[in-house]
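We use all heavy atoms of the structure for the numbers below, so side chains are in, but hydrogens, waters and symmetry mates are not. Counting starts at 1 for both ligands and their atoms, following the listed order.
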Amino acid sequence: MDIGAANEAAVEAFINALAAAGVQHACVTPGSRSTPLTVALARQSAIRPWLHLDERSSAFFALGLARANSRPVMLVCTSGTAAANYYPAVAEANLSRIPLVVCTADRPPRLRDVGADQTIDQHGMFGANARWAVDLPLPLGLPGEASQFRAFAERSVRSALSPLPGPVHINFPFEEPLLSGQDVPVPAQTQAVTSTMALPAPAVPGAHDVAVAATKLTAARRPLIIAGPETGGLPAAAIADLAAMLDAPILADPLCGLRTGSHDRARILDSYDAILRDPRADACAPDCVVRLGAPPVSKALNQFLARLTGAEHIVSDQPSGWRDPWALSTAVVTGEPGLVANALQEAVGPRATEPGWTAGWIARNRAASQAMLSRAANFTDPFEGRVFTELQNLLPPGATIFSGNSMPIRDADSFLVSASKSLNLVANRGANGIDGVTSSALGHAASGTGPVVLVIGDISFYHDMNGLWAAARHGLDLTIVLVNNNGGGIFHYLPQSAYSSIFEDWFGTPANLDFSHAVAMYGGRFTSTQDWPTFREAVTDSRGGLNVVELRTNRARNVEMHREAWAAAAAAAWTEAPV
Ligand SMILES: Cc1ncc(C[n+]2csc(CCOP(=O)(O)OP(=O)(O)O)c2C)c(N)n1
Ligand SMILES: [Mg+2]
């Protein structure tokens with residue numbers, strides 16, 4: 001067999017096995033060394049290939065698609081810096097626990113480190129971000145080669161899913177000729193196939209871990225549950241049941257999935273960020289905390305937790321996961337969060353919560369939430385926090401709000417309220433980057449899991465304008481709420497904002513861009529507004545395709561309004577609420 005035919009045969013075996021293992025989508029960028037992979041993907045119909053032009057956007061698109069579908073997405077790029085452009089999304093996939101099968105083409109080993117063109121060191125280039133990394137053998141047409149490549153594919157899918165979902169890196173060296181030269185007709189249309197993916201069984205918590213944690217909970221008089229960010233959401237009903245049995249409040253991060261939906265929300269608190277900004281917060285210190293999911297978005301909550309050095313901290317995570325940045329855990333329970341919640345519920349002995357503990361939290365939360373929302377509704381200048389309240393009213397049940405990092409996710413934390421209408425809030429919150437957000441939202445939109453609205457700041461939007469290309473190319477529907485405060489609004493909340501001679505140049509960083517041109521270039525519709533009636537109309541009217549609704553805001557004024565709203569909430573919580 002010649003080398004070109006060997007390349008084609010090995011890659012075909014690999015791709016067929018990926019499809020058989022349940023991979024439905026691949027994001028592909030053009031290049032030469034990756035030709036065998038690209039040709040094989042273009043020729044088959046089991047995996048849907050999505051063309052991208054920029055590897056960084058391609059990888060973030062794959063990330064968004066994989067998150068929405070809870071399945072690994074394949075990535076394909078050529079050798080050299082193309083592969084390095086995957087790095088930010090691979091890091092995010094690692095920390096957000098999103099499965100990706102990252103396939104990079106490479107020169108054969110004999111051409112590495114000897115000055116061959118477009119050759120960088122790709123071996124293990126994603127470091128500890130990859131669950132598994134392999135430099136594949138060169139396809140040579142040896143007996144048994146197809147089986148070997150099938151096995152590599154099977155192993156890559158399993159490693160991307162278990163024990164902790166994440167990216168795997170498959171480096172494909174190819175000798176020339178890259179192809180056999182045998183052209184075959186391409187099917188007219190590619191379609192995703194029904195998957196046969198065998199998802200790993202949910203991890204059952206160990207009896208010893210459960211017993212240790214249950215003993216602590218049984219002794220607790222002031223229990224508190226922290227439901228942190230989790231890809232795919234935490235199991236709402238199981239955690240609500242545990243809270244009901246313990247009579248414990250749940251501080252529900254906007255990314256944990258518990259704030260909205262039809263489950264029992266009686267103990268779900270959404271305004272703790274404002275409550276805990278107040279020094280009086282230490283009066284509601286718990287004696288036992290149960291933590292599920294990642295550390296929360298709220299800085300005030302994180303600081304509150306870090307101060308609780310005398311409390312018991314029961315930290316639960318999936319096997320191989322360890323999310324305890326303050327090293328506070330006094331008990332660790334590994335397992336699938338729903339099974340952990342159920343096991344704790346069964347193992348906790350007779351006990352009683354301090355009278356008024358949970359009722360006090362609920363009353364403070366209600367007072368804070370009402371004060372904050374009424375303040376937000378009364379500002380006459382455009383208030384960025386109000387975007388989430390407006391969207392919560394405007395969007396249909398089941399819609400996804402994709403939140404950018406920086407102030408949008410903090411505004412979601414403050415203003416996305418507990419409600420029965422189920423909305424899916426997601427964000428690239430593993431590494432908190434402002435890069436690739438638009439592409440991830442487009443990838444989410446490509447999953448076909450319902451309408452998606454992205455809320456993003458102007459600097460983050462600028463960061464990934466290349467990503468907009470995919471909208472028209474793939475006929476995707478995405479509404480983008482572009483919160484344009486002309487710079488990095490978040491830095492106004494930090495101590496450097498007092499350094500007035502340098503702040504604006506180095507932190508405020510106004511980009512002074514008219515984004516209407518960029519949106520027009522990518523075939524989108526653009527509306528700019530500073531008032532809520534126009535905002536509502538523009539969001540409601542955005543039907544198909546790419547719609548960008550720019551909300552023009554003022555950074556300095558928004559700091560004032562945020563501080564007023566948080567202060568009003570804290571005042572209401574600590575002085576007005578019956579405790
Ligand atoms: C890739 C990356 N670069 C830099 C940062 C640091 N950073 C965090 S927020 C921010 C400014 C974001 O501005 P914008 O998107 O307009 O949001 P705003 O703060 O105005 O809400 C920057 C530069 C980051 N998180 N990620
Ligand atoms: Mg901004």
Side-chain angles (χ1 to χ4, degrees), residues 54-57 59-60 63-64 84-96 129 229 254-255 273 295 297-299 376 381-388 391 401-416 427-441 454-468 480-497 502-515 518 528-530 548-563 565-566:
D54 169 332
E55 283 78 15
R56 188 174 68 162
S57 296
F60 274 109
L63 178 93
N85 274 282
Y86 280 168
Y87 203 105
V90 171
E92 177 62 30
N94 167 29
L95 295 170
S96 282
N129 290 293
L255 294 168
D273 177 75
V297 168
S298 163
K299 192 171 177 181
D381 296 320
F383 175 52
E384 294 170 4
R386 188 162 161 183
V387 167
F388 287 93
L391 289 179
I401 303 179
F402 201 113
S403 173
N405 282 314
S406 205
M407 285 312 288
I409 190 64
R410 290 181 171 79
D411 282 334
D413 197 5
S414 290
F415 295 99
L416 188 88
N428 286 348
R429 206 55 201 164
N432 304 356
I434 59 165
D435 46 351
V437 175
T438 300
S439 293
S440 292
L454 167 65
V455 182
I456 187 168
D458 52 299
I459 303 292
S460 310
F461 183 76
Y462 161 76
H463 226 294
D464 191 21
M465 288 196 301
N466 276 7
L468 293 172
I480 300 181
V481 175
L482 167 55
V483 183
N484 188 355
N485 55 20
N486 199 21
I490 195 165
F491 298 118
H492 286 260
Y493 301 82
L494 301 177
Q496 59 265 48
S497 62
I502 57 162
F503 179 79
E504 195 60 8
D505 280 349
W506 298 100
F507 297 98
T509 58
N512 298 319
L513 292 172
D514 179 348
F515 291 110
S528 188
T529 179
Q530 300 195 44
V548 178
V549 181
E550 180 190 55
L551 180 72
R552 293 193 75 94
T553 65
N554 177 284
R555 278 183 270 135
R557 179 73 191 112
N558 262 276
V559 182
E560 291 167 5
M561 292 188 284
H562 275 88
R563 293 207 166 119
W566 287 323

Is any N or O atom of [X], backbone or side chain, closer than 3.5 Å to an N or O atom of ligand 1?
| X | result |
| --- | --- |
| D435 | no |
| N405 | no |
| I490 | yes |

Determine if the distance from atom 10 (C) of ligand 1 to the closest protein heavy atom is below 4.0 Å.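 Protein heavy atoms within 4.0 Å of atom 10 (C) of ligand 1 - there is at least one.
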Which residue owns the protein heavy atom closest to [atom], what's the atom, and how far is it?
| atom | value |
| --- | --- |
| atom 21 (O) of ligand 1 | M407 CB, 3.1 Å |
| atom 12 (C) of ligand 1 | S406 OG, 3.5 Å |
| atom 23 (C) of ligand 1 | I434 CD1, 3.6 Å |
| atom 6 (C) of ligand 1 | F491 CZ, 4.5 Å |
| atom 13 (O) of ligand 1 | I459 CB, 3.4 Å |
| atom 15 (O) of ligand 1 | S460 OG, 2.5 Å |
| atom 25 (N) of ligand 1 | N432 O, 3.2 Å |

Can you tell whether the side chains of R563 and E560 come within less than 4.0 Å, N to carboxylate O? no
Could you list the atoms of ligand 1 found under 4.0 angstrom from a heavy atom of G433?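 Under 4.0 Å from G433, ligand 1 has these atoms: 26 (N).
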Considering only heavy atoms of G488, which atoms of ligand 1 have at least one such atom less than 4.0 Å away? 11 (C), 13 (O), 19 (O), 20 (O)
Does at least one non-hydrogen atom of G487 fall below 4.0 angstrom from an atom of ligand 1? yes
Any donor-acceptor pair under 3.5 Å linking the side-chain atoms of S57 with those of D464?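 Checked: D464/S57 side chains pair up, N/O donor to acceptor below 3.5 Å.
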Does the side chain of R555 pick up a donor-acceptor pair with the side chain of N486 at under 3.5 Å? no
Tell me, do [X] and [Y] make a side-chain contact under 4.5 Å, heavy atoms counted?
| X | Y | result |
| --- | --- | --- |
| V387 | D411 | no |
| Y86 | F60 | no |
| V549 | L482 | no |
| M407 | H562 | yes |
| E550 | T529 | no |

In D458, the N, O or S atom nearest to the Mg ion (ligand 2) is which? OD1
Below 2.8 Å, can you find an N, O or S atom of N484 next to the Mg ion (ligand 2)? no
N/O/S atom of G487 under 2.8 Å from the Mg ion (ligand 2), yes or no? yes
When you measure from atom 20 (O) of ligand 1 to each heavy atom in G489, P88, P408, which option holds the nearest one?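 Answer by nearest heavy atom: G489.
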Return yes if some donor-acceptor pair links the side-chain N/O of N484 with the main-chain N/O of S528 below 3.5 Å, else return no.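 No.
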is_close_aromatic(F461, F515), centroid dist under 6.0 Å: yes
Just checking F507 against H492, ring centres under 6.0 Å apart? no
